[in-house]
Q: 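For reference, the structure I am asking about is given below.
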Amino acid sequence: MKLSTQAYCKMVLHGAKYPHCAVNGLLVAEKQPSQLPHQHQHHRRDRDRDPPPAPHTLFVDCIPLFHGTLALAPMLEVALTLVDSWCKENSYVIAGYYQANERVKDASPNQVAEKVASRIAEGFNEPALIMVDNTKFTMECIEPTLYVFEHHENKWKCKDPHFDYCEDWSEAQRISASLLDSRSYETLVDFDNHLDDIRNDWTNPEINKAVLHLC
């Protein structure tokens, strides 16, 4: 899997806006055309030799969900339903989940993270669970601040932390540092903000424009 610069930056901005809170959100990928049954049959032998398709998933965007209390089931259901509808309209699919824990040195997935990620796994074959490493969180964004977990034999296991999970790390690093410097996180809207005032747009078009402008 790889993260687009836009997805990485919005994840970082969400954490920066609420440094004292746990935060979470969803990652979306472009919907791939389904294989036809005869294609599936034809490629089975090749697929057995190939690496799993997970590394090819590109998370094109991130939807910030909540800050503070992450375990409110009714709100999560509302958010998942709305984001799923938005994904269908834009040929996206919910393919991953991210979370930053409240405690600085805690980057392990808790029950909430595993539960939501497992829910995503019901609709997407190779989901990713991303935990933000708060100890690496700096204004300069010197190194990627994430651990990636994959679902393997009914458990979430951490993948190689030294692998580059960004589509273009130098670009993501430069742009996220620039957005932090300009305090763009103050304008970031998560689902909590949307519930406070539905005029707040959780797709964050202004931040998307700012990322594009800096590319």
Q: Minimum heavy-atom separation for S118 to W156, with atom names?
A: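 In this case the closest contact between S118 and W156 is OG-NE1, 3.4 Å.
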
Q: What are the two closest heavy atoms between V28 and C87, and how far apart are they?
A: CG1-SG, 3.6 Å

Q: Can a donor-acceptor pair be found, under 3.5 Å and without considering hydrogens, that links the side chain of N204 to the backbone of L188?
A: no

Q: Can you check whether D190's main-chain N or O pairs, donor with acceptor, with N193's side chain at less than 3.5 Å?
A: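 Yes, because the side chain of N193 sits within donor-acceptor range (under 3.5 Å) of the backbone of D190.
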
Q: Check S4 against L58 and note the closest heavy-atom contact, atom names and distance.
A: N-CD1, 3.8 Å

Q: Same cluster or not: are V83 and V78 linked, directly or through other Ile, Leu, Val, Met, Phe, Trp or Tyr residues, by side-chain heavy atoms under 4.5 angstrom apart?
A: yes

Q: Could you please spell out the steps behind the side-chain contact (heavy atoms from CB on, under 4.5 Å) verdict for D133 and L146?
A: CA-CA 5 Å; D133 181 356; L146 46 92; over 6 Å; no

Q: Does the side chain of L82 reach to within under 4.5 Å of the side chain of W202, using non-hydrogen atoms?
A: yes

Q: Among side-chain atoms of T187 and E206, is any donor-acceptor pair under 3.5 angstrom?
A: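 Note: T187 and E206 side chains miss the donor-acceptor criterion.
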
Q: Is it the case that over 12 heavy atoms from other parts of the model lie below 6.0 angstrom from the CD atom of E186?
A: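 Buried by this count: over 12 neighbours within 6.0 Å.
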
Q: Would you say the side-chain atoms of D106 pair up with the backbone N or O of V104, donor to acceptor, closer than 3.5 Å?
A: no

Q: Supply the atom-to-atom distance L70 CG to E102 CD, rounded to the nearest 0.5 angstrom.
A: 9.0 Å

Q: Under the 3.5 angstrom rule, does the side chain of N101 hit a backbone N or O of R103 as a donor-acceptor pair?
A: no

Q: Please tell me whether D61 and Y92 have a donor and an acceptor in their side chains that are separated by less than 3.5 angstrom.
A: no

Q: Would you say that Y8 contacts W169 through its side chain, given a criterion of any heavy-atom pair below 4.5 Å between the two side chains?
A: yes

Q: Go through the steps to decide whether T5 and C9 satisfy the test side-chain contact (heavy atoms from CB on, under 4.5 Å), and finish with yes or no.
A: CA-CA 6 Å; T5 295; C9 288; 3.8 Å; yes

Q: Side-chain donor-acceptor pair under 3.5 Å between N110 and Q99, yes or no?
A: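 Note: N110 and Q99 side chains meet the donor-acceptor criterion.
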
Q: To the nearest 0.5 Å, what is the distance between NZ (K157) and CD (E150)?
A: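 If I round to the nearest 0.5 Å, the distance is 9.0 Å.
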
Q: Measure the CD-NE2 distance between E126 and H151 for me, rounded to the nearest 0.5 Å.
A: 11.0 Å

Q: When you look at F59 and K2, which way does the side-chain contact (heavy atoms from CB on, under 4.5 Å) test go after all the steps?
A: CA-CA 6 Å; F59 294 112; K2 291 280 186 181; over 6 Å; no

Q: What's the spacing between L195 CG and N200 CG if we round to 0.5 Å?
A: 10.0 Å

Q: Testing the basics here: between I120 and G96, what is the closest heavy-atom pair and its distance to 0.1 Å?
A: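 Scanning both residues, the minimum pair turns out to be CD1-O, 3.5 Å.
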
Q: When you compare the side chains of N90 and K31, does any donor N or O come within less than 3.5 Å of an acceptor on the partner?
A: no

Q: Tell me whether L212 shares a hydrophobic cluster with L13, the cluster being built from Ile, Leu, Val, Met, Phe, Trp, Tyr side chains joined at under 4.5 Å.
A: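 No, L212 and L13 fall in different hydrophobic clusters.
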
Q: Taking the six-membered ring where the residue is Trp, are the ring centres of Y165 and F163 under 6.0 Å apart?
A: yes

Q: We want to know whether H194 and D201 form a side-chain donor-acceptor pair, criterion being a heavy-atom distance below 3.5 angstrom.
A: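 Checked: H194/D201 side chains show no N/O donor-acceptor pair below 3.5 Å.
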
Q: Give a yes or no answer on whether the side chain of R174 reaches the backbone of C215 with a donor-acceptor pair at less than 3.5 Å.
A: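 No, because the side chain of R174 does not come within donor-acceptor range (under 3.5 Å) of the backbone of C215.
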
Q: Give a yes or no on whether a salt bridge exists between R119 and E77, defined as a side-chain N under 4.0 angstrom from a carboxylate O.
A: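 Result for this pair is yes, salt bridge flagged.
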
Q: Is atom NZ of K136 surrounded by more than 12 heavy atoms (other residues, nucleotides or ligands) closer than 6.0 Å?
A: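 Result for NZ/K136: enclosed.
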
Q: With heavy-atom distances below 4.5 Å as the criterion, would you say the side chains of L27 and I94 are in contact?
A: no

Q: Check whether any side-chain heavy atom of L3 lies under 4.5 Å from a side-chain heavy atom of M11, and answer yes or no.
A: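 Sidechains of M11 and L3: in contact.
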
Q: Answer yes or no on whether K10 is positioned over the face of Y98, meaning its NZ or CZ is under 6.0 Å from the six-membered ring centre and within 45° of the axis.
A: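 The answer is no; the distance or angle limit is not met.
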
Q: Please work out which of the three classes, parallel, tilted or perpendicular, describes the rings of F66 and F191, given edges at 30° and 60°.
A: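 Correct class here is perpendicular.
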
Q: Considering all heavy atoms of both residues, which atom of P109 and which atom of M131 are nearest to each other, and what is their separation?
A: CA-SD, 3.8 Å

Q: Using side-chain contact (heavy atoms from CB on, under 4.5 Å), reason through Y97 and V112 one step at a time and then give a plain yes or no.
A: CA-CA 11 Å; Y97 172 83; V112 175; 4.0 Å; yes

Q: Search all heavy atoms of L76 against all heavy atoms of L65 and return the closest pair with its distance.
A: CD1-CD1, 4.1 Å

Q: Could you state the interatomic distance from NE2 (H152) to SG (C158), rounded to the nearest 0.5 Å?
A: 13.5 Å

